[in-house]
**Q** 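One structure follows; several queries about it will come next.
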Amino acid sequence: QVQLVESGGGLVQAGGSLRLSCAASGRTFNVYAMGWFRQAPGKEREFVAVISWSGGRTYYADSVKGRFTISRGVAKNTVYLQMNSLKPEDTAVYYCAADSLHGPSVDERTYDLWGQGTQVTVSS
């Protein structure tokens with residue numbers, strides 16, 4: 001059984017930074033892309049960032065472009081999300097997701113493995 005485990009969430013003041021981590025545990029599997037999504041209270045889950053495993057191409061939601069950076073770890077199937085200049089509207093549960101079939105996508109339906117989520121709260 002493969003699992004994705006996120007860590008690094010917490011409470012931070014506006015303008016601060018957090019770094020989220022996501023690591024896969026269990027049997028090895030082929031990953032074509034890993035992404036981050038988030039869901040704020042009362043809102044639908046939305047795309048944040050994605051990185052392709054081959055080539056390292058990255059894509060970001062307009063709302064986080066220039067502030068967030070997604071990167072691959074040295075360890076297999078590990079991904080990070082560096083979040084800088086955080087705003088109260090970034091408050092959400094952040095989910096890591098892996099896609100073992102397709103390339104990088106902003107559509108959550110293409111991802112077949114999800115983490116349990118980690119809470120990020122930005123105070124004003």
**Q** Give a yes-or-no answer on whether the side chains of Ser100 and Asn30 include a donor-acceptor pair shorter than 3.5 Å.
**A** no
**Q** Give a yes or no on this: more than 12 heavy atoms of other residues, nucleotides or ligands lie within 6.0 Å of atom CD of Gln3.
**A** no
**Q** Any chance you could measure Asp99, atom CG, to Arg109, atom CZ, to the nearest 0.5 Å?
**A** 13.0 Å
**Q** Among Val120, Val64, Asp90, which residue satisfies the side-chain contact (heavy atoms from CB on, under 4.5 Å) criterion with Met83?
**A** Val120
**Q** Report yes if the side chains of Phe47 and Tyr60 come closer than 4.5 Å at any heavy-atom pair, otherwise no.
**A**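 Phe47 vs Tyr60: side chains apart.
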**Q** Quick one: CG on Leu81 to CG on Leu18, what's the gap to the nearest 0.5 Å?
**A** 9.5 Å
**Q** Between Thr58 and Val50, does a side-chain contact (heavy atoms from CB on, under 4.5 Å) hold up when you go through it step by step?
**A** CA-CA 6 Å; Thr58 58; Val50 62; over 6 Å; no
**Q** Which distance, rounded to the nearest 0.5 Å, do you find between the CD of Gln119 and the OG1 of Thr91?
**A**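 Result: 7.5 Å between the selected atoms.
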**Q** Between the main-chain N or O of Arg57 and the side-chain N or O of Ser52, is there a donor-acceptor pair closer than 3.5 Å?
**A**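 Yes; judged by distance alone, with no hydrogens or angles, the pair exists.
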**Q** Indicate the ring-plane relationship of Tyr111 and Phe37, choosing parallel, tilted or perpendicular according to the 30° and 60° boundaries.
**A** perpendicular
**Q** Looking at side-chain heavy atoms only, is the closest gap between Tyr94 and Arg38 below 4.5 Å?
**A**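 Yes; the side chains approach each other to less than 4.5 Å.
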**Q** Verify, without hydrogens or angle tests, whether Gln82 (side chain) and Phe68 (backbone) share a donor-acceptor contact under 3.5 angstrom.
**A**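 No; judged by distance alone, with no hydrogens or angles, the pair does not exist.
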**Q** On the ring face of Tyr80, is Arg19 found with NZ or CZ under 6.0 Å from the centre and within 45° of the axis?
**A**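 Ring-cation test returns yes.
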**Q** Tell me, please, which residues at least two apart from Glu89 pass side-chain contact (heavy atoms from CB on, under 4.5 Å).
**A** Lys87
**Q** Give a yes/no verdict on a cation-pi contact between Arg45 and Tyr95, requiring under 6.0 Å between NZ or CZ and the six-membered ring centre and an angle within 45° of the axis.
**A**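 Ring-cation test returns yes.
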**Q** Find out whether Leu20 and Thr118 are in side-chain contact, i.e. whether some heavy atom of one side chain is under 4.5 Å from a heavy atom of the other.
**A** yes
**Q** Is atom NZ of Lys43 surrounded by more than 12 heavy atoms (other residues, nucleotides or ligands) closer than 6.0 Å?
**A** no
**Q** Hey, could you give me the CD/CD distance between Glu46 and Gln39, rounded to the nearest 0.5 Å?
**A**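 It comes to 9.5 Å.
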**Q** When rounded to the nearest 0.5 angstrom, what is the spacing between SG in Cys96 and CH2 in Trp36?
**A** 5.0 Å
